[in-house]
Participant: 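Below you will find the structure I want to go over with you.
Within every chain, numbering begins at 1; the chains are lettered A, B, ... in the order of the sequence lines, protein sequences first and strands thereafter. Not measured: the values here are computed from a predicted model.
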Protein chains: 2
Amino acid sequence: MSRQIQTSALKSRVIDVALAHFSEVGIARTNVGDILKDANCSVGSLYHHFGNKEGIAEALFINGVNQFNGNLLAALLPHRTASAGIKSIVTFCCDWVTDQSQLAAYMLSREIKLSESAKQELREIDRALAQALSNWFVPHVESGTLQQLSTGMYVPLICGPTLEYSRMWLSGRSRKSPSDVSPILAKAAWQAVKEP
Amino acid sequence: MSRQIQTSALKSRVIDVALAHFSEVGIARTNVGDILKDANCSVGSLYHHFGNKEGIAEALFINGVNQFNGNLLAALLPHRTASAGIKSIVTFCCDWVTDQSQLAAYMLSREIKLSESAKQELREIDRALAQALSNWFVPHVESGTLQQLSTGMYVPLICGPTLEYSRMWLSGRSRKSPSDVSPILAKAAWQAVKEP
DNA sequence: GGCACGATTAGAACATAATTCTAGTATTTG
DNA sequence: CAAATACTAGAATTATGTTCTAATCGTGCC
């Protein structure tokens with residue numbers, strides 16, 4: 001088998017196993033020995049690829065962000081009306097949290113203090129997403145369908161209730177899944193940013 | 001000095017020092033040795049009072065929740081109109097995050113997987129708060145000033161945007177403090193739950 | 001007042017688990 | 001085919017969280 005494929009298989013095996021352990025007992029209490037065993041990986045390989053335990057946690061997190069962002073854009077960009085677009089964002093978030101609940105729980109409960117290099121990488125990813133989102137939003141603001149707000153306000157107003165509800169559901173404090181209540185959340189998001 | 005006072009002084013010294021360290025490098029990377037040194041505490045005392053490192057993190061968290069909840073109720077309960085009450089909740093959250101930013105950052109970035117006993121304790125605290133809030137809300141729902149929603153939706157709709165904005169600010173992704181933008185957030189919260 | 005009990009403090013000793021290091025193996029590349 | 005590079009392996013080391021035993025100090029009781 002080619003090195004590249006073998007290696008990336010190992011890495012994703014480690015990441016998968018790590019998510020399972022982190023979810024069950026938290027990062028602090030999972031020991032790398034167990035990850036090693038379950039992922040069929042040697043100490044040397046693990047530290048070669050990830051640096052340390054935090055490195056695994058960071059790779060898992062960044063992986064998740066990339067997956068989320070890509071799918072979010074794929075869900076949003078096809079929509080031409082502001083209303084449909086905003087609602088698609090909320091619906092996508094709800095569905096993503098609902099069916100990737102383990103990954104979502106990991107990502108929303110930031111159990112990690114990211115290293116500088118990871119922060120750097122995330123800033124880059126964030127910038128790219130912000131750019132793409134901005135391209136979609138600007139026309140709707142200019143045409144007067146969406147309120148003009150300072151850029152930092154859109155995400156909290158649109159996604160805040162959804163993310164907060166998701167956290168509640170993920171921690172067992174509410175019964176109905178985000179997908180179940182997405183219509184209410186989508187409507188609220190639209191109300192929050194549409195031009196009255 | 002009486003034992004009780006001495007002891008509670010030690011505990012709060014440990015908690016303060018711990019917050020400083022946790023905030024700077026995260027829980028995983030602070031070592032209890034440093035806390036011991038900075039708080040003038042012996043190994044024995046620390047483990048007697050907190051059990052282990054997680055115990056410190058939990059005590060800090062629960063402390064914060066109690067402080068937050070108490071002040072929140074004090075801010076809300078005096079208000080008689082639905083509009084003023086809802087807005088006071090948001091404003092209080094914004095102000096609290098803004099001036100207790102270190103504690104807020106710690107609490108919003110749940111770096112810990114809580115132990116069962118801590119979860120239990122928090123459920124109790126939560127229940128008490130939910131009860132108090134419910135007493136305030138119900139009349140306004142019955143009189144038709146607030147929308148009738150399933151109980152789990154009020155918190156996300158009212159506080160979601162505020163908490164999300166707070167996270168952004170705390171992680172350096174936005175310039176203006178929550179207090180600076182609280183009018184916008186308060187208005188949005190009111191829009192989200194008022195009967196149209 | 002003195003005595004005994006429990007709560008608290010102390011820090012040396014221990015154990016666990018993360019990480020480093022040295023050596024060896026396979027793949028790619030020139 | 002040679003040399004460099006990327007990767008794997010696991011024993012050895014270190015770091016650090018935690019336990020344990022002994023001492024100390026208030027507090028309440030005879």
Participant: Please, which pairs that meet side-chain hydrogen bond (donor to acceptor under 3.5 Å, both in side chains) have at least one residue in residues 187-196 of chain A, sequence neighbours excluded?
Facilitator: none

Participant: Enumerate the protein-to-nucleotides 7-9 of chain C contacts in which both atoms are nitrogen or oxygen and the separation is below 3.5 Å.
Facilitator:
{"residue": "C:dA7", "atom": "N3", "partner": "B:Arg3", "partner atom": "NH1", "Å": "3.2"}
{"residue": "C:dT8", "atom": "OP2", "partner": "B:His48", "partner atom": "NE2", "Å": "3.2"}
{"residue": "C:dT8", "atom": "O4'", "partner": "B:Arg3", "partner atom": "NH1", "Å": "3.0"}
{"residue": "C:dT9", "atom": "OP2", "partner": "B:His49", "partner atom": "NE2", "Å": "2.6"}
{"residue": "C:dT9", "atom": "O5'", "partner": "B:Ser45", "partner atom": "OG", "Å": "3.3"}

Participant: Which residue pairs pass the side-chain hydrogen bond (donor to acceptor under 3.5 Å, both in side chains) test when at least one of the two sits in residues 143-158 of chain B, sequence neighbours left out?
Facilitator: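 side-chain hydrogen bond (donor to acceptor under 3.5 Å, both in side chains) check on residues 143-158 of chain B returns B:Ser143-B:Thr145.
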
Participant: Do B:Ser42 and B:Ser45 have a side chain donor and acceptor closer than 3.5 Å?
Facilitator: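 Indeed, the side chains of B:Ser42 and B:Ser45 share at least one donor-acceptor pair under 3.5 Å.
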
Participant: Under 3.5 Å, which donor-acceptor pairs link side chains of residues 58-66 of chain A to any protein atom two or more places apart or in another chain?
Facilitator:
{"residue": "A:Glu58", "atom": "OE1", "partner": "A:Ser115", "partner atom": "OG", "Å": "3.2"}
{"residue": "A:Glu58", "atom": "OE2", "partner": "A:Ser115", "partner atom": "N", "Å": "2.7"}
{"residue": "A:Glu58", "atom": "OE2", "partner": "A:Ser115", "partner atom": "OG", "Å": "3.0"}
{"residue": "A:Asn66", "atom": "ND2", "partner": "A:Ile62", "partner atom": "O", "Å": "3.4"}

Participant: Kindly state each residue pair satisfying salt bridge (charged side-chain N to carboxylate O under 4.0 Å, His left out) with at least one member in residues 32-44 of chain B, sequence neighbours excluded.
Facilitator: none

Participant: Rounding to a whole Å, what distance do you find between A:Asn31:CG and D:dT18:P?
Facilitator: 13 Å

Participant: Applying salt bridge (charged side-chain N to carboxylate O under 4.0 Å, His left out), which residue pairs with at least one partner in residues 177-186 of chain B are found, sequence neighbours left out?
Facilitator: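 Not a single pair qualifies under salt bridge (charged side-chain N to carboxylate O under 4.0 Å, His left out).
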
Participant: So does A:Pro183 get a backbone contact from the side chain of A:Lys87, meaning a donor-acceptor N/O pair under 3.5 Å?
Facilitator: no

Participant: Rounded to whole angstrom units, what separation is found between the CG atom of A:Asn40 and the C1' atom of D:dT8?
Facilitator: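 Taking CG of A:Asn40 and C1' of D:dT8, I get 13 Å after rounding.
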
Participant: Could you go through residues 118-129 of chain A and list every donor-acceptor pair under 3.5 Å that involves a side-chain atom there, pairing it with any protein atom two or more places apart or in another chain?
Facilitator:
{"residue": "A:Lys119", "atom": "NZ", "partner": "A:Glu116", "partner atom": "OE2", "Å": "3.3"}
{"residue": "A:Gln120", "atom": "OE1", "partner": "A:Arg123", "partner atom": "NH2", "Å": "3.2"}
{"residue": "A:Glu124", "atom": "OE2", "partner": "A:Arg127", "partner atom": "NH2", "Å": "2.8"}

Participant: Any residue in residues 18-30 of chain B with a heavy atom nearer than 4.0 angstrom to DNA chain D? Just list them by number, or reply none.
Facilitator: B:Thr30

Participant: Donor-acceptor pairs are to be reported for all side-chain atoms of residues 10-19 of chain B against protein atoms at under 3.5 Å, with residues two or more places apart or in another chain.
Facilitator:
{"residue": "B:Ser12", "atom": "OG", "partner": "B:Ala9", "partner atom": "O", "Å": "3.4"}
{"residue": "B:Arg13", "atom": "NE", "partner": "B:Ala39", "partner atom": "O", "Å": "3.0"}
{"residue": "B:Arg13", "atom": "NH2", "partner": "B:Ala39", "partner atom": "O", "Å": "3.1"}
{"residue": "B:Arg13", "atom": "NH2", "partner": "B:Asn40", "partner atom": "O", "Å": "3.2"}

Participant: Could you state the atom-to-atom distance from NZ of B:Lys37 to C1' of D:dT16 in whole Å?
Facilitator: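 That distance rounds to 14 Å.
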
Participant: Kindly point out which of D:dG17, C:dA18, D:dG10 is positioned nearest to the side chain of A:Val43?
Facilitator: D:dG10

Participant: Going by number, which of residues 55-63 of chain B have a non-hydrogen atom under 4.0 Å from DNA chain D?
Facilitator: none

Participant: Could you tell me the separation between the CD1 atom of A:Ile5 and the C1' atom of D:dC7, rounded to a whole number of Å?
Facilitator: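 About 16 Å, once rounded to whole Å.
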
Participant: Quick one: side chain to side chain donor-acceptor pair (under 3.5 Å) partners of B:Tyr106, sequence neighbours excluded?
Facilitator: none

Participant: Please list, one pair per line, the donor and acceptor atoms closer than 3.5 Å that link side chains of residues 107-114 of chain B to other protein atoms, with sequence neighbours excluded.
Facilitator:
{"residue": "B:Ser109", "atom": "OG", "partner": "B:Ala105", "partner atom": "O", "Å": "3.1"}
{"residue": "B:Glu111", "atom": "OE2", "partner": "B:Ile27", "partner atom": "N", "Å": "3.0"}
{"residue": "B:Lys113", "atom": "NZ", "partner": "A:Ser23", "partner atom": "O", "Å": "2.8"}

Participant: Find the distance B:Tyr47:OH to D:dT19:P and express it as a whole number of Å.
Facilitator: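 In whole Å, D:dT19 P and B:Tyr47 OH are 7 Å from each other.
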
Participant: Rounded to the nearest angstrom, tell me the gap between atom NZ in A:Lys53 and atom C1' in D:dA15.
Facilitator: 14 Å

